[in-house]
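Below is one structure, written out as structure tokens, with a few remarks after it.
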There are 2 protein chains.
Amino acid sequence: MKPVTLKQIAGQLNISVSTVSKALKNYPDVSKETKLKVKELAKVLNYQPNAFAVNLRRKESRTIGLIIPEIVHHFFSTIIKGIVNQAEKEGYLVIILQSNESYELEKKQINLLLNQHVDGIIISLANNSTNFDHLNQVVLSKKPLVMFDKIAKLVNCSKVIINDRKAAYTATQHLIDAGCKRIAHFRGSLLPLNSIDRFLGYRKALLDNGLPYDPALVYISECDDTSFEEGKMNTRKLLEDHDDVDGIFISTDLVAIGALTECNKLGVKVPDDIKIIGFSNWFMSKVVSPALSTIDQPGYLMGEMAFKQLYKEITMQKNKESYYPEIIELETKLIVRESTAS
Amino acid sequence: MKPVTLKQIAGQLNISVSTVSKALKNYPDVSKETKLKVKELAKVLNYQPNAFAVNLRRKESRTIGLIIPEIVHHFFSTIIKGIVNQAEKEGYLVIILQSNESYELEKKQINLLLNQHVDGIIISLANNSTNFDHLNQVVLSKKPLVMFDKIAKLVNCSKVIINDRKAAYTATQHLIDAGCKRIAHFRGSLLPLNSIDRFLGYRKALLDNGLPYDPALVYISECDDTSFEEGKMNTRKLLEDHDDVDGIFISTDLVAIGALTECNKLGVKVPDDIKIIGFSNWFMSKVVSPALSTIDQPGYLMGEMAFKQLYKEITMQKNKESYYPEIIELETKLIVRESTAS
DNA sequence: CTGAAAGCGCTTACAG
DNA sequence: CTGAAAGCGCTTACAG
């Protein structure tokens with residue numbers, strides 16, 4: 001019942017623990033005979049090295065930590081999948097933690113991971129994280145750190161991102177090309193960098209096309225979680241206050257689907273009366289009616305790349321090579337569906 | 001830069017490592033003075049106990065393993081969230097692994113978790129797992145194990161489930177009450193217990209209501225992942241082969257939404273020509289059009305309960321109390337929306 | 001009240 | 001080719 005140890009194997013074979021250890025790891029200075037005996041018995045007893053002890057010796061855990069604002073979220077779950085799959089390929093395990101968009105929790109979780117001695121940390125920031133001491137502390141302690149999607153420019157670590165500004169520009173330009181003249185924007189939370197960048201892309205597209213930028217058409221979400229309900233509410237307000245609007249660029253698909261649903265309910269025709277484009281390409285977007293145009297954000301790939309970068313840094317660190325943070329920018333793609341047909 | 005150890009604290013204060021250790025843990029046999037000094041210095045140096053060493057000594061890791069068939073899945077991600085949140089409350093960390101519906105992978109992952117010495121394992125089975133030796137091995141080694149949703153009756157461990165048969169009966173009865181006379185069933189994969197149970201509930205409802213059971217109306221999925229595309233394909237086949245069908249009970253919302261989409265495309269009116277009910281209450285179901293009737297399956301609660309049960313068993317085990325596996329059955333709820341309106 | 005000692009299970013530099 | 005020894009960082013029973 002008790003797990004088998006090297007000591008037991010050594011005892012049964014009447015040899016030393018060190019020899020058993022070396023035999024199992026194919027050290028060249030152990031006789032073939034001994035190796036054979038040891039390996040056979042290890043198999044019979046189903047010997048599994050005690051990870052705690054190995055970790056303590058090697059000072060590595062082959063475990064990484066992942067902090068995500070919200071697990072139940074199509075984009076994030078795709079990323080989790082990418083990270084977990086890629087990690088498994090290299091024999092790494094992933095501890096997952098959810099910050100719930102809370103800075104306090106995020107900070108606590110970083111500390112938790114740090115004293116669990118994970119070999120590295122991957123994180124996407126909570127919306128209200130504006131102090132980054134906890135992350136700088138990770139960088140300072142030379143523990144590899146990779147941020148993705150919701151990043152902080154001021155933290156000196158590798159980042160896997162998309163070009164939010166450019167993607168938002170493309171989305172807005174698409175609305176303009178489809179004939180929209182007065183375009184609103186639901187930007188989600190105020191703080192996160194990608195909300196800001198998407199907003200800037202939207203505004204730039206308007207100006208580049210000679211359309212006026214009207215701040216009254218930009219809706220900021222009050223609560224921290226950008227939700228379906230918010231999309232419905234904002235749409236109702238928008239339609240009341242600005243009945244001349246003919247297009248909306250919404251920075252999350254979920255909110256965009258809320259908007260669609262509200263339009264359907266109020267009898268406002270999408271795309272005839274108003275065109276809507278979302279952001280992220282959640283699975284849902286192609287099954288709603290009318291199907292939602294959006295910007296595809298490569299979640300799985302983002303997860304894969306985040307782990308690959310982290311792994312590279314962990315390995316270089318172990319070999320005492322020096323490395324510099326890298327910014328990895330992934331391509332997005334405009335997905336045209338019914339909601340912006342002209 | 002190097003993590004601070006007890007030894008360093010002891011060195012600086014000129015006292016022994018044991019005293020430092022005891023002081024930090026408030027052992028009653030250490031003087032107030034010493035405690036104060038030690039704690040102060042520990043704080044200044046930002047001392048964090050080395051988890052490896054603590055684990056090795058205590059033979060516990062305060063970490064559990066979670067194996068899930070597929071991460072990108074609304075129901076499962078809700079469960080992950082429930083488990084992770086509940087675990088955090090008790091100071092436990094969760095290692096997440098995805099079996100990808102593969103028995104081979106699942107087996108490997110169990111072994112991985114076992115020699116990581118997690119304190120317990122929570123698992124939902126891969127569809128093609130029919131051999132349960134790897135799980136029985138966990139039970140035999142007295143490592144707490146909890147299964148949820150996709151379980152194996154033959155494994156002697158605690159389980160958190162819903163009553164699939166009853167829920168399927170309710171769904172089918174609802175179609176009958178809405179006037180359906182000839183009801184098809186998309187049952188998903190052949191093997192998993194919940195597919196079987198849902199099928200049995202469907203059949204029983206028909207028979208109890210004096211409707212004939214026609215095996216030709218039951219569609220089994222060929223591939224292992226029950227998908228949107230499958231819903232579309234099956235629906236096309238069904239409409240060609242059986243144009244008298246007026247209701248479908250589909251064992252997953254995702255497939256049901258595929259069916260809805262295909263009906264919309266083919267001009268078949270839901271709910272007028274044909275009524276559709278799904279299973280699981282994915283978020284998507286309320287935003288498609290027509291909104292999908294379904295059975296609500298309490299994912300978050302299921303995750304919470306799974307962890308709570310595991311935690312109970314871990315604790316009892318530690319205290320050398322004996323415990324017996326429990327079956328925890330959670331309530332489901334019929335959600336009536338437009339797709340079955342009469 | 002304090003500390004020396006043993007030990008958790010492993011790895012590895014060193015001696016023989 | 002083999003093994004004794006030291007050590008990773010901690011905890012705890014025991015002696016003083």
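By convention in this document, chain letters (A, B, ...) are assigned in the order of the sequence lines, proteins followed by strands, and residues within each chain are numbered from 1. Values in this document were obtained by computation on a predicted structure and should not be read as measured data.
For B:A53 and B:S18, each mapped to the nucleotide of DNA chain C holding its nearest heavy atom, the one lying further toward the 5' end belongs to B:S18. Along DNA chain D, the nucleotide nearest B:F52 and the nucleotide nearest B:T19 are compared for position; the residue whose nucleotide lies closer to the 5' end is B:F52. Heavy-atom nearest nucleotides on DNA chain D were determined for B:K7 and for B:R58, and the one closer to the 5' end corresponds to B:K7. Of the two residues near DNA chain C, B:T34 and B:R57, the one whose nearest nucleotide lies more 5' is B:T34.
Comment: B:K81 engages A:E70 in a salt bridge, judged by a side-chain N to carboxylate O separation of less than 4.0 angstrom.
Counting non-hydrogen atoms of other residues, nucleotides and ligands closer than 6.0 Å to CD of A:E33 gives a total of 12 or fewer.
Checked against B:Q48 for a side-chain contact (heavy atoms from CB on, under 4.5 Å), the options A:L112, A:N111, A:L114 give a single hit: A:N111.
Contact annotation for B:D29: base contact, defined as any heavy-atom pair under 4.0 Å involving a base atom. As judged by a 4.0 angstrom heavy-atom cut-off over every strand, B:K22 is placed among the base-contacting residues. Using a 4.0 Å heavy-atom distance criterion, A:T5 is classed as a sugar-phosphate-only contact.
Once rounded to the nearest 0.5 Å, the distance linking CD1 of A:I314 with CZ of A:R62 reads 8.5 Å. Atom CZ of B:F148 sits about 4.0 Å away from atom CD1 of B:I68, to the nearest 0.5 Å.
In 5' to 3' order, the nucleotides of DNA chain D bounding all contacts with chain A (an atom under 4.0 Å from a heavy atom) are D:dC1 to D:dG9.
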As a quick check of understanding, evaluate side-chain hydrogen bond (donor to acceptor under 3.5 Å, both in side chains) for B:Q98 and A:E88, giving each step before the final call.
CA-CA 9 Å; B:Q98 167 173 286; A:E88 191 158 19; over 6 Å; no
Please determine whether side-chain contact (heavy atoms from CB on, under 4.5 Å) holds for the pair B:M316 and B:K312, giving the CA-CA distance in whole Å, both sets of side-chain angles, and the decisive distance to 0.1 Å.
CA-CA 6 Å; B:M316 292 186 77; B:K312 188 168 134 190; 4.2 Å; yes
DNA chain C in dot-bracket, Watson-Crick or G-U pairs under 3.5 Å, [ ] crossing, | other strand?
|||.||||||||.|||
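In this model, no donor atom of one side chain and acceptor atom of the other lie less than 3.5 Å apart for B:E313 and B:Q317.
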